[in-house]
Amino acid sequence: MKHVTQKATRHVNQNEGLIFEKSSPGKGAWRLPPLDVPDVDAAELLGSSERKDLGQLPEVSEIEIIRHFTRLSTWNYAIDLGMYPLGSCTMKYNPRVNEVVSRLEGLANGHPYQPEKISQGALRIMKTLSDCLIEITGMDDITLQPAAGAQGELTGLLMVRAYHESKGAPRKKILIPDSAHGTNPATAAMVGYAVENLKSNANGMVDVAALSAQMNEQVAALMLTNPNTLGVFEQEIHKIADLMHSKGGLLYMDGANMNALVGKVRPGDFGVDVMHLNLHKTFSTPHGGGGPGSGPVAIKKILRPFLPTPIVVTKSDGTLGFDYDRPQSVGRVRAFYGNFGMFVRALAYTLANGPDGLRQTTEDAVLNANYIRKGLEGVYDLPYSTPTMHEVVFSDKLQLKKGVKTMDIAKRLIDYGFHPYTTAFPLIVPGALMIEPTESESKEEMDLFIEAMRAIAEEVEQDPEMVLQAPHSTRVSRLDETAAARKPVLRWKPSQSH
Amino acid sequence: MKHVTQKATRHVNQNEGLIFEKSSPGKGAWRLPPLDVPDVDAAELLGSSERKDLGQLPEVSEIEIIRHFTRLSTWNYAIDLGMYPLGSCTMKYNPRVNEVVSRLEGLANGHPYQPEKISQGALRIMKTLSDCLIEITGMDDITLQPAAGAQGELTGLLMVRAYHESKGAPRKKILIPDSAHGTNPATAAMVGYAVENLKSNANGMVDVAALSAQMNEQVAALMLTNPNTLGVFEQEIHKIADLMHSKGGLLYMDGANMNALVGKVRPGDFGVDVMHLNLHKTFSTPHGGGGPGSGPVAIKKILRPFLPTPIVVTKSDGTLGFDYDRPQSVGRVRAFYGNFGMFVRALAYTLANGPDGLRQTTEDAVLNANYIRKGLEGVYDLPYSTPTMHEVVFSDKLQLKKGVKTMDIAKRLIDYGFHPYTTAFPLIVPGALMIEPTESESKEEMDLFIEAMRAIAEEVEQDPEMVLQAPHSTRVSRLDETAAARKPVLRWKPSQSH
Amino acid sequence: MRYLPKSPADRESMLKAIGVRSVDDLFAFIPAEYRLERDLKVPRQMAESEIVDWFRERSRENGDGYASFLGAGAYSHYRPVVIDALISRGEFLTAYTPYQAEVSQGTLQSIFEFQTMICELTGMEVANASMYDGSTAAAEAVMMAARLTGRRSVVIARSVHPEYREVLATYAFHQGMPLSTIGFADTGRVDIRALEKAITEDTACVLIQSPNFFGTIEDVAAIADVVHKRGAKLVVSIAEAVSLGIVEPPREADIIAMEAQSFGVPLGFGGPYCGVIATREQFVRQMPGRLVGQTTDRNGKRGFVLTLATREQHIRREKATSNICTNQALVALMVNIFMTIYGKIGLRELAKQNLAKTVYAAKSFGKHGKLLFSGAPRFNEFVIQTTEDPKAINSRGLGHKIVGGLPLKKFYPELRNASLWCCTEMTTRSSIDTAVGLVAESERSQRTTDEESAVQEVGR
Amino acid sequence: MRYLPKSPADRESMLKAIGVRSVDDLFAFIPAEYRLERDLKVPRQMAESEIVDWFRERSRENGDGYASFLGAGAYSHYRPVVIDALISRGEFLTAYTPYQAEVSQGTLQSIFEFQTMICELTGMEVANASMYDGSTAAAEAVMMAARLTGRRSVVIARSVHPEYREVLATYAFHQGMPLSTIGFADTGRVDIRALEKAITEDTACVLIQSPNFFGTIEDVAAIADVVHKRGAKLVVSIAEAVSLGIVEPPREADIIAMEAQSFGVPLGFGGPYCGVIATREQFVRQMPGRLVGQTTDRNGKRGFVLTLATREQHIRREKATSNICTNQALVALMVNIFMTIYGKIGLRELAKQNLAKTVYAAKSFGKHGKLLFSGAPRFNEFVIQTTEDPKAINSRGLGHKIVGGLPLKKFYPELRNASLWCCTEMTTRSSIDTAVGLVAESERSQRTTDEESAVQEVGR
Ligand SMILES: Cc1ncc(COP(=O)(O)O)c(C=O)c1O
Ligand SMILES: Cc1ncc(COP(=O)(O)O)c(C=O)c1O
């Protein structure tokens, strides 16, 4: 590598095959206690339903399992290792105390159907978290049931639909800005709505004129992300809300970017009727390689009758319980009550911060994004100069002249010891570099990031080929995704040698 | 690297400065609960004893701490990553359940001075472990107090000395074979004994003739490691024991190599009077980068009066308690009762194995060592062809012709994805390669090790310089130990830049 | 705030670099009337020790230390400690979805292994990782069947988990998918005759569960025949994954929607769990959720990547097979490790212990209460009918630190005083005996009260 | 056995490769009469779940859930959860002593940071990492002083932890080192006049502890004057490390022997703990234990190595400064992380809370029992003298889930019914009030019984 970086070096790293390649008959990592009841004859009990063989399941010992997954883990990048500037993903610090409290016996081993009398701890946690989130969003009520943001969107739109139906007709369309995340249109479709695209204006914001032109009695709701996926706050949000309401429509807010607002602005105060939160973004629950998440949906009073069942209520005797008797409810969106373990973590995060901590967190998140914008302006093309909140979006326009695309720059960033930024969207920025540092990055780490991005820009000028071939420091080089999709190999087979 | 190895590759790895280089005033990772008693004025209370400033202690946030130590950890090799063939160190798998049970509230938070009435759990653990270790060693009694093997040796020799004193005179000398570990002579000196060296015979075993010549009424004891540090069982152990006893001397066994004997042979049965165990070797408690350990000392009846205080006793009411009233005791070797946390782990290991597991463990440990011996015989010089137990010792004689020493081969092993073997001793083998696989290595991992060692031997022939320059794959190359010792820099100083 | 890595000086110098005076300038763009000028009304910042204490309190209020006989879609199995030791490694815990393969091979390879093991266990050819839970997996599987067949309506067995059915109803309703429900026979199994009647030309699929909500193992082969004859797809939901250790998987199914919670995932008051969809290779492009595929790097070295992304929302938007994005990856890793620990032999032995405990319990309970659905094989759950309302028996049980079976009246009023009991390898004989004692006592007292009233009759 | 990574087939092929028929052939070299032909009489192989259950039982029998006022060398402070999260990483937990620097930089750099922070806290120039515990650190420090001075005898303050004194006695005895003990004044501090008398030409060092066993802070400067005038060394033992947050360190000492358990190490029924020795640069070559030094690699890159190994047993054998080999490295890492978390400001605030709780408690107890040694400043321990035997009061305390202070009669008979109480940031005001209530009640009942007997006197 031309540029020496202070951020990373190469170091010896263990190889490891597939677990099946380590298996051999007679090894095992399990042992059961002696049976304290008479043993049984499975064949006799199950007859033709008895299973005789478990096929290719592995047989390995405990130390091999420890080594297998420990070695695999060293092939991953993670927040614990460094900055993870994925735009829109809010990769912030995941506090360890959250993991400890979520594993406390009574919480980890509580059965969802155990009597309410012995579930007061879990119910109290759900109630307290709900109260905090309602206050933070400025809404009137909330459901914690959705398992992630996308399911939050689903739940929200189901309530929108139920609301309109209660008024006579479900309406036909959902308006969605072209800058929106893919889950927004995908969700609208799942709820049986047609998706109508809404063009952004020159500042990357909703074109209010266009909106008023497109808004009519066919439109059930506008799905707006605020700040939007450019990291820009929709300044005319009040006009937008009024416009929607004047035609009987509702304003849905995708709350994925709440990390820019907590403690500073409340969606409930600027006209939002329904919104989801991503506890695995704004509220620090770990991403875990892709999940689990949690996507609570906060609403205004008008939507309360339609909340999924059950809801947590305070009973006459002061204890907490579940209310299932909700005739107008949209029904359940999943079994039980949601990803409870994430509620515990999100509440622990909220208690660790308090009002002052939450506000400071938001301020630092916005400060960091603006610091990076300042550090890279000019070096990378900034398609929208509108003020930046929690994330900033550049484009690869300047580097494209040398044939280098955003994904190439992203891969080269790996050699500099960073995880790439988001490259996949927003679609309104061709070749987007979507960068969200979050509040968890120190000035030191961000200076290294800016230094790396500037160095890469230089490399693009001097030696684009090297950037196109990146990464150069990883145990595997760029992988052939086309081949993977053309002839999919989706499982290991005994025949297959490595 | 010439030889491609299947064992390891290089991968991007995070750099990280000293924590002090990340510190800046106003950052912090701590928060205290509100004080529930009146605050105080330290100056008024402590006067001139009040401390005003804590100097260079760092000020950093929680995420910086997580990243700092996570990054540092990735620079270490560990059992969890691969084979750790350090001879004499018994680097075996450290079961995770041991860590879980040792952290159970009542055990982790028990105060050493809490009333016996509410200490029955801890006392039961000490009693049960003692009973198991007495059975395993074939001795009559035991103390768990010593903090590690070396302190076990100290405790053992103190008892030897007290025993001889009770018979009139402490005697003057301890006989120690030239193959012994450094702690043996160092310990003898601490107990005020002169060390007399005992030559090994051509088979690397105690020269019984020489022993009988050197043995007399001046000799308090013989400190014998069995199997010895060559991994050879002292076949004439019965003669040796008789010889010692016939002249009123005692036989001390360094039990560091018990991993070769558990469940197969009991030192108590072959004439040993006193011995120590290393729970952090044979009984799987983690080495933790150098400790903590635990070095129980098992004894024959004749030494019982001299055990350190206190000892665990069963009281008339059936409960357990401590007995401090031991007039002939050598006294305490440390405060409280020893490294209790290691007792929990060692007992958990014993219960997980049971009699069959313990025997199989020993058999596998010996099987592995012999497999490696077979795989490397001829490629490396084997100074002693006596049968191998749990470890095998080669020498660099053949490679020395090319100017390559054991340490160079060891460093090159790192490039092949292994931790080096032991190079520092036994002193009777110049340029020793002391290899102990333990039972925890699979055939697959050992085949890779043998392949690597054979490849290195070839490299020594073809390109010795490359081996002398190894390692080539690590984040730092060979470090200058001479400079470190000439002008020691033992702490960071503000002035110092990196 | 202890999570924030900045000193006042850092903030100052950054503001200077940006060229603003204060951090408020960065929020000036937001209309003033919407800016919050007060503190949020949430609890004050707490010390770590206070947080731990507060949740300890909640934990104590939450049924800590009871022996439970609850199953019904959430099962209590032993979780080997290795699972948490490994998933707690920051490299797994704090990584994002593995879009950047070169620095995500750990997550990717483990998912590939997960997919392989799920295929082996279910007898299917492809499996995804993962769906939110068993209920949404079932609903998504049904949508998938609709896409595969181009048909609209769905037939559901009443013996499918009631809450799974509710979720499907929610998902299907706004898609205008007509649902019909078919009942169960005295054996507890699907009423095949009713099934045959229910399937129409427009039936996209039939959804059953096996072992079903009552613990009864369905005759999947027979059902599959009926379903396939009518050109519909068979979707089988599996809520108790451990059953796969000793119960033949529903190989005749077209899609299997599974809840893998039993494989090393804490009960956690209902979530997070791990849904999985497994199916045949030919259907893979209509499958929702993430798939990892094997490929090679530029040097021909084996590696793994997310693949067939053209099914997903971030590429296809409103035309995607599902809107799912964040899934249950870390939970899938728990499941993966659990399957690896027990493996080919252990998983069968584990399932066998569940079977043995259940046989013992069902026999013992049957001596006093009425054991329903005894005509068909079952795995680790059974239904007992008592004279007294099971709620009453259970509340007495709490006194003995016993949580009794799930009263079924709410879901199946026709079964009256029936309750659903579950035994796993964690259930001890002594707790079974205690629980049986409670039922026996209840029956005795009921009988005597009957007799008394009888006596009074005579008396008149 | 689940920890063993071998199949029967593996073992077979390995035996074949070695060229023996059975594994017993590998043990044939051992004389037959010593080979064990039976099973060891240890408990049968247990499942992981059984092991966890067994130790849970033991844990419950071990004072779980009591509020404790015990200190006396083992202190209950809050342990930030980050500590266990980090030391549980296999790369730290399962690594050996960092002899091979190129693959041990993580451990080495963290020890270098540890040494630096200990120097800053103690005011010394060099610190090792680590000794077994505070007691052996003190004993080794005394041996070190003897090597430095070439003198043989030792003077020990009676206010040093009694068990530390016992350990020193054990170590010193067989080295033929005469020990003399000096008492304490009413202030609880070392009796300086007695000290002056006790020191002779042959006195290698004086060992004191500050804060001492009674929690009293010694006047180290004054003591140092006396000691140094006679050419002896001053060794100061520190048992409560948190005191260093607000109490001036004994900078006048020549060697500091410290127990760092207070810094994030569990009480763990007495161990493992973390001993440390800190001293002046000029004495480093007589220091026992491990030292990490900074150096550079062949490319001039900063790195760290174990250094000055010529002091150690593996090089010097019988001439080594100590026989210590395995030490308390992982515990030192806990201490390191704890110091890093609290840091420059937090450690002082933490110490201040300890001080405040102790002041409140000492005042409250003093209203009923007699507060001894009130003439000198103290940190977080104090001695209360009661009319009744404190053992009796404490056993009543257990009923209120309170573990009272340590009765001192065993160690200091002359203090009669005195007990040593400790308060930390973990001690709540309400538990203090409860404990004070017990003492108050005891005093009241004692007084009344006295009066009664008095009355009877009169009655005659
Ligand atoms: C703007 C936006 N909306 C919605 C989502 C979907 O949320 P989830 O992944 O939790 O389903 C995301 C997450 O990537 C997002 O960034
Ligand atoms: C043979 C032998 N004896 C004694 C010891 C010293 O034991 P410890 O390091 O536990 O003090 C060791 C450890 O390295 C050893 O290998």
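In what follows, chains are A, B, ... by sequence order, proteins preceding strands, each numbered from 1. Computed from a predicted model, the values in this text were never measured in an experiment.
Annotation: D:Phe29 is not in aromatic contact with B:Phe233 [ring centroid separation under 6.0 Å not met].
When all heavy atoms of D:Gln45 and B:Asn353 are compared, the pair lying nearest together is NE2-O, 3.1 Å. A pairwise comparison of heavy atoms in D:Gly271 and B:Arg334 identifies CA-NH2, 4.3 Å as the closest pair.
Using a 4.5 Å cut-off between heavy atoms, B:Ile414 contacts chain D through its side chain alone, with no backbone atom that close. For chain D, the nearby parts of B:His181 are the backbone and the side chain; heavy atoms of each come within less than 4.5 Å. Only the side chain of B:Pro471 comes within contact range of chain D, with at least one heavy atom under 4.5 Å from a heavy atom of that chain.
For the residue pair B:Lys411/D:Gln100, the side-chain donor-acceptor check at 3.5 Å is satisfied. Remark: the B:His68 side chain and the D:Glu113 side chain contain an N/O donor-acceptor pair separated by less than 3.5 Å. If you check the side chains of B:Asn76 and D:Thr107, you find a donor sitting under 3.5 Å from an acceptor.
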**OP:** Check the pair D:Glu120 / B:Arg491 against salt bridge (charged side-chain N to carboxylate O under 4.0 Å, His left out), numbers first and verdict last.
**Re:** CA-CA 10 Å; D:Glu120 286 295 326; B:Arg491 59 154 296 174; 2.5 Å; yes

Original post:
What's the verdict on side chain to side chain contact (heavy atoms under 4.5 Å, CB included) for D:Tyr342 and B:Leu32, showing C-alpha distance, side-chain angles and the deciding distance?
Top reply: CA-CA 10 Å; D:Tyr342 280 96; B:Leu32 293 163; 4.3 Å; yes

Subject >> Criterion salt bridge (charged side-chain N to carboxylate O under 4.0 Å, His left out) on D:Arg298 and B:Asp480, from CA distance to verdict >> reply: CA-CA 7 Å; D:Arg298 292 180 172 180; B:Asp480 188 341; over 6 Å; no

Original post:
After noting the C-alpha distance and the side-chain angles of B:Glu50 and D:Lys352, does the key distance pass the salt bridge (charged side-chain N to carboxylate O under 4.0 Å, His left out) rule?
Top reply: CA-CA 11 Å; B:Glu50 186 206 6; D:Lys352 194 143 175 290; over 6 Å; no

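Contact of the D:Val23 side chain with the B:Arg359 side chain is not registered, since no non-hydrogen atoms from C-beta on lie closer than 4.5 Å.
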